[in-house]
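Single-structure report; data block below.
Note that this is a predicted model, so its numbers are computed, not measured.
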Amino acid sequence: MKSPIIAACCFLLVCGLAGCGVFGPPPATPDPLDQEMRDTLREDGLNICRDMIQAVRDDDYETFSAWMTPGLREQLTQLLFDRMIVELRRSRRSLSEYDFLIELHQSDAAKMVWLAVIAPNDPDDPSGPTQHLITVSLMVVDGRYRVSGFGIL
């Protein structure tokens with residue numbers, strides 16, 4: 001009587017141990033970018049974003065589009081950029097300041113989020129400044145970041 005119970009316990013123990021390998025936590029996937037590369041890309045990404053946001057302030061499409069992927073450049077054309085600038089001027093407002101908030105990683109891509117303040121050009125304007133989020137999507141192309149998306153919320 002004891003031997004079937006012992007055999008059953010041994011069977012369950014072996015199955016349980018085997019199941020640990022099958023049902024255990026998945027192996028960790030290595031980060032495709034090492035930390036040194038990620039730090040370099042982060043610094044590049046911050047500089048690219050600063051250049052793009054400053055280009056909006058300076059009405060400079062060449063600088064604004066310099067790091068864009070070809071697909072994004074087809075979408076965010078000089079014409080659309082000029083319309084955005086005209087709309088800012090028409091509303092008598094301008095991008096007065098911007099601050100980096102956070103970087104979100106996605107494998108070999110990142111999204112950088114900035115807080116921008118768009119303020120009236122006239123300090124006596126009662127409407128006051130408004131805050132907006134600027135998002136810049138970056139992807140690694142040939143070991144460098146390229147801008148794959150840009151938005152103002």
Side-chain angles (χ1 to χ4, degrees), residues 14-153:
V14 168
C15 289
L17 291 176
C20 288
V22 173
F23 299 110
T29 11
D31 189 358
L33 302 175
D34 65 10
Q35 189 58 46
E36 183 179 337
M37 177 68 144
R38 187 166 297 288
D39 290 343
T40 300
L41 287 171
R42 182 176 194 276
E43 195 59 39
D44 284 350
L46 288 170
N47 290 332
I48 290 167
C49 292
R50 282 187 199 104
D51 287 350
M52 288 185 78
I53 294 169
Q54 187 62 42
V56 170
R57 290 175 94 177
D58 298 340
D59 186 10
D60 179 5
Y61 180 76
E62 289 303 314
T63 300
F64 181 77
S65 64
W67 291 96
M68 288 184 188
T69 60
L72 182 61
R73 195 172 291 120
E74 288 175 11
Q75 294 174 7
L76 283 175
T77 62
Q78 172 91 43
L79 180 64
L80 288 175
F81 180 82
D82 290 344
R83 284 182 186 167
M84 177 177 65
I85 300 300
V86 166
E87 190 58 39
L88 273 173
R89 287 183 183 148
R90 184 179 302 139
S91 66
R92 288 176 263 144
R93 301 174 80 71
S94 59
L95 180 62
S96 62
E97 59 186 270
Y98 52 92
D99 294 304
F100 175 70
L101 291 180
I102 191 168
E103 176 183 18
L104 307 169
H105 292 284
Q106 302 158 341
S107 183
D108 60 349
K111 187 170 293 239
M112 293 192 169
V113 182
W114 297 71
L115 177 66
V117 176
I118 297 178
N121 294 336
D122 179 2
D124 296 328
D125 186 334
S127 65
T130 57
Q131 293 181 330
H132 301 269
L133 293 177
I134 295 178
T135 60
V136 181
S137 299
L138 303 158
M139 61 188 292
V140 178
V141 177
D142 298 328
R144 301 288 310 262
Y145 267 145
R146 294 284 184 238
V147 178
S148 59
F150 182 86
I152 300 176
L153 308 172

May I have the step-by-step check of side-chain contact (heavy atoms from CB on, under 4.5 Å) for Ile53 and Ile134, ending in yes or no? CA-CA 9 Å; Ile53 294 169; Ile134 295 178; 4.1 Å; yes

Met52 CE to Met68 CE distance, which is reported to the nearest 0.5 Å: 4.0 Å

To the nearest 0.5 angstrom, please state how far the CG atom of Leu76 sits from the OH atom of Tyr61. 6.5 Å

Around atom CE of Met139, are there more than 12 heavy atoms of other residues, nucleotides or ligands at under 6.0 Å? no

Between CD1 of Ile48 and CD of Glu43, what distance do you get to the nearest 0.5 Å? 10.5 Å

Where does the angle between the aromatic ring planes of Phe81 and Phe64 fall among parallel (under 30°), tilted (30 to 60°) and perpendicular (over 60°)? tilted

Determine the minimum heavy-atom distance between Arg50 and Tyr98, stating which atoms define it. O-OH, 3.9 Å

Ser96 side chain to Val117 backbone, donor-acceptor under 3.5 Å: yes

Less than 4.0 angstrom from a charged side-chain N to a carboxylate O is my criterion; do Arg144 and Asp44 meet it? yes

Quick one: closest heavy-atom pair of Thr130 and His132, and the distance? OG1-NE2, 2.9 Å

Please assess Asp122 against Arg92 for the test side-chain contact (heavy atoms from CB on, under 4.5 Å), listing each intermediate value before the final yes or no. CA-CA 8 Å; Asp122 179 2; Arg92 288 176 263 144; over 6 Å; no

So which atom in Leu101 and which in Leu133 form the shortest heavy-atom distance, rounded to 0.1 Å? CD1-CD2, 3.7 Å

Kindly compute the distance separating OG1 (Thr135) from CE (Met112), expressed to the nearest 0.5 Å. 12.5 Å

Looking at Ser91 and Leu88, would you say the former's side chain and the latter's main chain have a donor-acceptor pair under 3.5 Å? yes

CG of Asp82 to CG of Asp59, rounded to nearest 0.5 Å, is 6.5 Å

Arg57 side-chain N/O to Leu95 backbone N/O, donor-acceptor pair under 3.5 Å: yes

Stepwise side-chain contact (heavy atoms from CB on, under 4.5 Å) check, Cys49 with Trp114: CA-CA 9 Å; Cys49 292; Trp114 297 71; 3.4 Å; yes

Separation between CG of Asp51 and CG of Leu46, rounded to the nearest 0.5 Å: 11.0 Å

Flag, side chain of Arg73 to backbone of Ser65, donor-acceptor distance under 3.5 Å: yes

Scanning both residues in full, the closest heavy-atom pair of Gly128 with Arg93 reads O-NH2, 2.8 Å

Taking the side chain as every heavy atom from C-beta outward, state whether Thr69 and Val147 have any pair of such atoms under 4.5 Å apart. no

Taking Ala110's backbone N and O only, do any of them form a donor-acceptor pair with His105's side chain (distance below 3.5 Å, no angle check)? no

Should Val86 and Arg90 count as side-chain neighbours, where that means a heavy-atom distance under 4.5 Å? yes

Looking at every heavy atom in both Leu72 and Ser148, which two are closest together, and how far apart are they? CD2-C, 3.7 Å

